[in-house]
Structures are given as C-alpha cells and as structure tokens.
> 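Below you'll find the structure I mean.
Note: hydrogens, waters and symmetry copies are ignored here, and every other heavy atom, side chains too, is used. Residue numbers begin at 1 in each chain, while the letters A, B, ... track the order of the sequences.
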Protein chains: 4
Amino acid sequence: MISKTVVNKVPKKDKKQALLDSALALFVDQGFHATSTASIAKKAGVATGTLFHHFASKDALLNHLFMAVKLEFAEDISQGILTRGQTGKDLKSDAEHLWQHAIDWALQNPIKQRFFLQYSMSSEVDATIREQAMNSVLHFVVVLIEKGQQQGIIADFPIPLMLANCHGQYLAAIRYFTDHPQWGDDVSQRQASFELFWRSMKVD
Amino acid sequence: MISKTVVNKVPKKDKKQALLDSALALFVDQGFHATSTASIAKKAGVATGTLFHHFASKDALLNHLFMAVKLEFAEDISQGILTRGQTGKDLKSDAEHLWQHAIDWALQNPIKQRFFLQYSMSSEVDATIREQAMNSVLHFVVVLIEKGQQQGIIADFPIPLMLANCHGQYLAAIRYFTDHPQWGDDVSQRQASFELFWRSMKVD
Amino acid sequence: MISKTVVNKVPKKDKKQALLDSALALFVDQGFHATSTASIAKKAGVATGTLFHHFASKDALLNHLFMAVKLEFAEDISQGILTRGQTGKDLKSDAEHLWQHAIDWALQNPIKQRFFLQYSMSSEVDATIREQAMNSVLHFVVVLIEKGQQQGIIADFPIPLMLANCHGQYLAAIRYFTDHPQWGDDVSQRQASFELFWRSMKVD
Amino acid sequence: MISKTVVNKVPKKDKKQALLDSALALFVDQGFHATSTASIAKKAGVATGTLFHHFASKDALLNHLFMAVKLEFAEDISQGILTRGQTGKDLKSDAEHLWQHAIDWALQNPIKQRFFLQYSMSSEVDATIREQAMNSVLHFVVVLIEKGQQQGIIADFPIPLMLANCHGQYLAAIRYFTDHPQWGDDVSQRQASFELFWRSMKVD
DNA sequence: GATGAATGAGTCTTCATTCAT
DNA sequence: CATGAATGAAGACTCATTCAT
C-alpha cells in the first residue's frame with residue numbers, strides 16, 4: 001500500500017509530453033495530414049480522447065508543438081551566446097559562433113530540424129504563431145545586425161530584408177547538411193557555409 | 001441539333017487546362033489536402049469523373065502541375081537570357097539580369113510564386129519530380145557559377161552548397177517582396193536584394 | 001445485354017426514398033439522436049456516403065423528412081375535401097369530415113402519426129421548416145374557421161388562438177387513440193372526440 | 001485550518017441543487033442530447049465527477065428534474081385551490097381559477113414552462129416517470145370533471161378522453177401565450193382561452 | 001463527498017476513386 | 001471523352017462514465 005503510491009506514480013505532464021513527442025516524430029515522418037490523431041495517441045501510449053483533453057484540436061497540437069520546438073531552439077542558442085566570454089569584441093567571430101551553433105543544433109536534433117524545414121513556412125501552422133516564434137528566434141540576429149551596422153562592419157541594407165535573407169540562407173544550409181550528412185563534419189564545408197552568409201552581410 | 005455540336009464544342013484540352021488552372025488556384029489558397037477533387041472539378045466546370053480521365057490521381061495532378069509551372073518559369077527565364085545581346089561579357093550584369101528577371105516573374109505571377117513557396121519543399125510533391133524540376137531551373141545558375149569561377153570572379157566553394165544557398169536566397173527574396181508588395185517596385189530594395197545575393201557569391 | 005438494362009434498371013430516386021423511409025422508421029423508433037446515420041444507410045441498403053450525397057447533413061435529412069410527411073398529410077386531407085360533394089352547405093358536417101379524416105389518416109399511418117407527435121414541437125426540426133409545414137397544413141382549418149365566423153356558427157375568438165387550440169386538441173386526440181388502439185374503431189369515442197372539439201369552436 | 005472548514009463550507013445539497021438548476025437551463029436551451037454533463041457541471045461550478053455522485057446517470061438526472069418540476073407545479077396549483085374560500089360551490093368559477101392559475105404559473109416560470117413543452121411528450125424521460133408525474137398533476141382535473149358530471153354541468157364523455165383533451169388544450173394555450181408574450185396580459189385573450197376550454201367540457 | 005484526468009466506443013462527415021450510362 | 005451517383009474506408013472529435021487521489 002505504501003509502496004504502491006511510489007511505484008505507480010507517473011510523473012505528471014508525462015502524457016502531454018508523450019503526445020508532443022509522438023506528434024513531432026509522426027508529423028516529420030508522414031506530414032501533418034497523413035498523421036491521424038489516433039496514431040499519435042497510440043504511439044504515445046494513451047487513449048485517443050486524452051489527446052483532446054490536452055489539446056483542443058489537432059491544429060492546436062501542431063501550433064503548440066511548433067512553439068515549443070522554436071523556444072527550445074531559441075533557448076539553446078541564447079545559452080550559447082551567454083556562455084561565451086566577452087562577446088561583442090569581434091563581431092565576425094560572434095556571428096560565426098552563432099551560425100555554427102545554430103547548424104550544430106540542427107545536426108544534433110535532426111527530427112526537430114526537419115520539423116523546422118517542413119513547418120516554418122507551412123500554412124498548417126497559424127500565421128500568428130509562426131511570426132511570433134520567428135521573432136523570438138531571430139531576435140539575436142537583429143541585435144547582431146544593428147550592432148554591426150553601427151560599427152560599420154555590416155552593410156546598411158534594410159533590416160527586414162537582411163533578416164529574411166539570413167533566414168533563407170540558414171534554412172538552405174541546414175537542408176544542405178542534412179541532405180548530405182557526411183559533409184556536416186567537414187570543417188571546410190562548414191566554414192564555407194558561414195563564409196557565404198557572412199560575405200552577404202559584411203561591408204566590402 | 002446540328003448547330004448544337006458547333007456551338008457547344010469546347011476546344012480540346014480546354015478541360016484539362018481548366019482543371020490545372022483551378023487546381024493551381026485552390027492548392028495555393030487552401031493547401032493540397034484541404035482541396036477536394038470535387039471542388040477542383042466544380043471550379044473548372046467539369047464533372048468529378050473528368051478529372052480522373054486526365055490525371056491518374058490527385059497526386060498525379062499535383063505533380064503534373066508542379067512540373068508545368070516550373071517549366072513555364074524556366075522557359076521564361078531562358079527567354080530572358082536569349083533575348084539579351086552578347087551575354088557573358090559582364091558576368092555581374094548577367095547575374096543581375098537573371099536575378100531581377102526571376103523576381104519580376106514571381107511578382108507578375110503571384111499565384112504561381114506562392115505555389116513555389118508552398119510546394120518547392122513540400123513532401124506532397126514526389127521527391128523525384130521535385131528534384132528534376134529543380135535541376136531544370138537551377139541549370140542556368142550552375143552554368144553561371146561555373147563560368148564565374150573559371151573567370152575568378154565567383155568564389156570557389158562547392159557548387160552544390162552554392163546552389164542550395166542561391167535557392168534559399170531566392171525563396172527568401174520572393175517571400176519578402178510578396179509579403180511587402182509595396183517594396184517590389186522600390187529600386188533600391190530590389191537592388192539591395194541583388195547585392196546581398198551577389199556579395200555572397202563573388203570573390204572579395 | 002439488352003435485357004440487362006431492363007433487369008438491372010433501378011427506379012431513379014429509389015435510394016433517396018429508401019433513405020427517407022429508413023430514417024422515418026428509425027427516428028420514430030429510437031429518436032433522432034439515438035439513430036446513427038450509419039444505421040439509416042444500412043437499413044436503406046446503401047453506403048453511408050450515399051446519405052450525404054442526397055442530404056447535406058443528418059439535420060437536413062430530418063427537415064426534408066418532416067416537410068415530406070407534412071405535405072403528404074396535407075395532400076391527403078385536401079383530397080378528402082375535394083372529393084366530397086357540395087361542401088360548404090353544412091359547416092358542422094364539413095368540420096366533422098375533416099376531423100375524422102385527419103384522425104383516420106393518423107390511425108392508418110401509425111408511424112407517420114408518431115413522427116408528428118414526436119417532432120411537431122421538437123427543436124430538432126428547424127423552426128422555419130416547422131412553421132412553414134404547420135401553415136400549409138392548418139390552412140384548411142383557417143378557411144373553415146373564417147367561413148364559420150362569417151356565418152355566425154363559430155365563436156368569434158382570435159384566429160391564431162383558435163388555431164393553436166385546434167392543433168392541441170388534434171394532437172391530444174391522435175395520441176389518445178394510438179395509446180388506446182382499441183377505441184379508435186369505437187364510433188361513440190370517435191364521435192365524442194369530435195364533439196369536444198366542435199363544442200369549443202361553435203357559438204353557444 | 002479551523003476557519004477554513006467554516007469559510008469554505010458550502011450548505012449541503014447546494015451542489016445537487018446547483019446541478020439541477022444548471023441542467024434545467026441547459027436542457028431547455030440546447031436540448032437534452034446537445035447538453036453535455038461536463039457543461040452542466042461547469043455551469044454549476046462543480047467538477048464533472050460530482051454530477052455522478054448525486055445522480056446515477058445523465059438520464060437519472062433528467063428524470064429527477066422532470067419529477068421535481070412537475071411536483072413544484074402541482075404544489076403551486078394545489079395551494080391555489082386550498083387558499084380559495086368554499087370551493088365547489090360554483091364549478092365553472094373553480095375551473096376558471098384553476099385554468100388561469102395554471103397559465104399564470106407557466107408565464108411566471110418561463111423556463112420551467114418550456115421544459116414542460118419540450119419534455120412532457122419526449123421519449124427521453126422515462127415513460128413511467130412521465131405517467132406518474134402526469135397523474136399527480138392531472139388529479140385536480142379528474143376530481144373536477146367527476147364532480148361536474150355528477151352535477152350535470154360537465155359533458156358525459158369518457159374521462160380519459162377528456163383528460164387527454166384538457167392536457168392538449170393546456171399545452172396549446174401555454175405555447176400560444178409564450179410564443180406571443182404580449183397577449184399573456186390581455187384579459188380578453190386570457191378569457192378566450194378559458195372559454196374555448198370550458199365550452200368543450202360543459203354540457204350544452 | 002469532491003475532484004478532474006483519463007478512457008475508448010461511437011458519431012457525423014469527408015473524399016478520392018470507380019463505373020454504368 | 002464525359003458524366004455524376006455511388007461507394008466505404010478513414011478521420012477528427014465528443015462525451016458519459018470511472019477512479020485514484
């Protein structure tokens with residue numbers, strides 16, 4: 001009786017998290033529409049109704065998932081920035097750290113990375129959610145660009161345009177490295193990918 | 001009775017084209033899965049069964065459409081290249097023409113442009129079709145890059161990486177200009193978008 | 001091949017009618033909500049999808065059914081009026097014919113009668129449909145009351161009130177006779193039911 | 001800790017009554033099947049499980065509610081009879097009092113009145129409960145009719161038939177007055193509704 | 001008594017596809 | 001070639017009810 005409480009105790013939030021995990025895997029694997037709510041529940045080891053107890057709808061689940069993954073990414077990146085020493089001294093080196101860290105994250109979280117690729121521009125995710133998530137993530141880049149422009153290191157193009165361009169180059173890079181996994185560890189290729197990015201931003 | 005045949009006669013291929021047109025509009029507007037074959041047929045003014053006379057399945061229709069739009073784009077771009085005078089003299093000016101022409105096409109074909117954005121990376125289109133279409137379009141760019149590298153004008157990074165990067169920047173640009181239509185006619189912004197692209201490619 | 005056409009020929013509208021028939025029986029037997037669309041289709045011998053090919057929704061099916069039954073009733077009653085000889089001479093006898101005919105119809109169409117009882121006031125049927133149907137049926141009664149009031153035979157109360165009262169008495173009568181089937185053929189009871197009705201309407 | 005018990009103490013039966021109140025409002029508003037037990041609990045401010053502590057099932061709740069409302073009505077009517085002076089002297093005046101009082105009750109308790117209209121004949125309420133409730137209420141009427149027949153004032157038709165007829169007329173009247181609220185205070189209409197009823201019952 | 005997370009059978013409805021005409 | 005009624009498997013979502021706390 002005493003131990004029963006201990007033994008059967010299931011960590012709270014476990015089911016909700018299990019649902020999110022299953023959904024992530026299945027959405028990436030089969031796409032949103034091809035994944036049934038029943039299959040998500042089954043993979044998570046819960047009843048179909050449980051999904052709808054935690055999320056109002058299949059769409060709500062996707063939106064929630066999207067936000068969660070984006071935040072996780074943002075947190076990881078911001079940790080990386082903080083743990084470095086006196087940042088701001090050498091902007092290019094800061095930028096490179098950011099870039100490589102972001103790509104590392106993608107390579108180390110291949111499912112989440114594919115999730116980004118598939119849903120970052122998909123209309124299946126709510127436009128507002130997408131924008132919100134995007135801003136939270138791209139904030140680092142805005143800060144970096146503004147600082148660089150003040151220092152005369154980064155070209156003086158409109159920030160929104162540069163931001164869009166950064167995002168596009170980042171998506172292209174992670175797609176490239178996941179399509180060709182063997183090159184993800186190739187220092188020269190990794191270096192090249194950053195160079196392409198940096199050249200477009202820096203002043204001549 | 002006699003005239004009826006004449007009057008009602010619909011030019012051949014009209015129905016097939018009507019189906020493609022309707023499908024394009026609806027797929028862009030509502031997404032692939034949210035668009036029923038019935039609604040496509042209705043918008044095209046034909047019976048539901050007719051769609052399956054012309055296309056083996058809904059998927060086949062999407063693939064066909066994808067290929068058709070990509071080819072149309074490729075053709076338009078290649079026309080643009082041919083109609084220019086002695087190309088090859090000034091590589092940067094060639095590249096700029098290509099870039100601006102490609103963006104113009106997107107701005108002048110907004111539905112098709114959105115179609116690109118939504119389906120270029122979607123798993124709903126067959127991977128082989130996608131790749132095939134991609135190559136046909138990007139071929140111009142390969143040619144350009146190779147020539148530039150030989151001339152020592154374009155940086156000597158691996159071509160597949162540069163290609164992926166180009167594609168990413170292009171998608172970012174057309175998304176930017178369609179999200180902010182008022183800037184599509186702004187020469188300085190258009191110029192800036194090319195500059196970003198060109199800097200990343202050229203040697204320092 | 002020749003006979004095939006004849007043999008396999010299924011009368012058009014058969015499936016739609018079969019669905020209506022099945023729905024009538026099941027709705028009366030189990031109630032609207034307790035009847036699944038699947039069971040209706042099954043009883044009608046068609047696929048589940050077929051129901052939705054003919055009716056936009058389960059609700060639409062109920063509304064359609066309600067209207068159809070009401071019209072059938074109205075038509076039967078109006079036939080009864082027309083086939084009688086010089087009507088209008090003796091108003092009381094006209095009224096009695098109408099009353100007994102209406103009760104006969106209910107006794108001879110027990111399922112449809114129960115359908116009336118259950119759905120005439122149910123909120124499951126669209127309010128507009130209900131009113132529309134009601135008016136078409138009660139029109140005879142309005143005509144009768146107005147004529148009677150002009151002749152000084154029928155009491156001069158507000159017509160809508162009298163109409164509501166008639167309807168209430170009719171529903172009570174058919175419920176009474178179907179709850180006690182053995183009295184439906186009892187002339188004195190049938191006579192009594194009319195007398196109750198007529199006394200309330202006539203002038204003293 | 002001590003005061004907590006006192007402060008939070010909710011008067012017993014409060015929750016049960018709250019559930020009945022919420023159920024009444026929702027059943028009338030949305031119908032029985034369209035009302036979820038969860039919504040009843042929510043409106044009552046209790047947990048979903050609590051409903052099932054007080055009522056064995058959703059059906060049991062409806063039956064309980066039906067009986068309670070009917071009894072409340074019966075009690076109110078019987079109070080009205082008792083508080084009048086020497087009843088029985090003038091039967092018609094007694095009947096009119098009964099009739100007007102019953103209609104007043106309906107007008108003053110619109111939700112309960114709608115509840116009657118919707119569930120008095122609905123198969124969702126247990127047939128036995130319905131009959132039981134009906135008898136308890138109509139008992140006054142039986143007494144009245146029998147007395148009237150003995151006195152030769154009321155027509156000598158079978159009592160069950162007259163009862164059913166009374167009920168039908170009553171339902172019609174309250175529906176009429178709630179559909180047209182402005183006439184509920186119109187003395188002549190109220191008088192007319194009684195006259196219709198009384199004429200059908202009295203001897204010529 | 002009270003709670004509310006969990007259940008899973010059951011519901012309506014959609015839709016790509018077929019085929020007799 | 002064209003039609004559109006028919007199909008039936010599959011899907012998202014609901015909800016009365018249970019039970020561990």
> With no hydrogens and no angle check, is any side-chain donor or acceptor of B/R130 less than 3.5 Å from a backbone partner on B/S122?
yes

> Near DNA chain F, which residues from residues 37-64 of chain C have a heavy atom under 4.0 Å away?
C/V46, C/A47, C/T48, C/G49, C/T50, C/H53, C/H54

> Ring-plane angle category for B/F115 and B/F66, please: parallel below 30°, perpendicular beyond 60°, tilted otherwise.
tilted

> Atom CZ of A/F32 and atom C1' of F/dG11: how far apart are they, to the nearest Å?
12 Å

> Please give, in whole Å, the distance from E/dA16 C1' to B/F27 CZ?
12 Å

> Would you please classify the geometry between the A/H64 ring and the A/F55 ring as parallel, tilted or perpendicular, with 30° and 60° separating the classes?
perpendicular

> Would you kindly give the CG-to-C1' distance between A/D14 and E/dA5, to the nearest whole Å?
14 Å

> On the 0 to 90° scale, with breaks at 30° and 60°, tag the C/F73-C/F116 ring pair as parallel, tilted or perpendicular.
perpendicular

> So, B/Y119 side chain and B/F27 main chain: donor-acceptor pair closer than 3.5 Å or not?
yes

> Just the rounded figure in Å: distance from P of E/dC15 to CG of B/L26.
12 Å

> Extract the stems that DNA chain E is part of, considering only consecutive pairing runs of at least three Watson-Crick or G-U wobble pairs, both distances under 3.5 Å.
E:2-21 with F:2-21

> For the residue pair B/K58 and B/F32, would you count it as a cation-pi contact if the rule is NZ or CZ under 6.0 angstrom from the ring centre and within 45 degrees of the ring axis?
yes

> Check this one for me: any side-chain N or O of A/K15 less than 4.0 Å away from OP1 or OP2 of E/dT7?
yes

> Quick check: do D/L51 and D/V46 have side-chain heavy atoms less than 4.5 Å from each other?
no

> Mind calculating the distance between NE2 (A/H33) and P (E/dT14) to the nearest angstrom?
14 Å

> Can you establish whether the number of heavy atoms outside C/E75 located under 6.0 Å from its atom CD is more than 12?
no

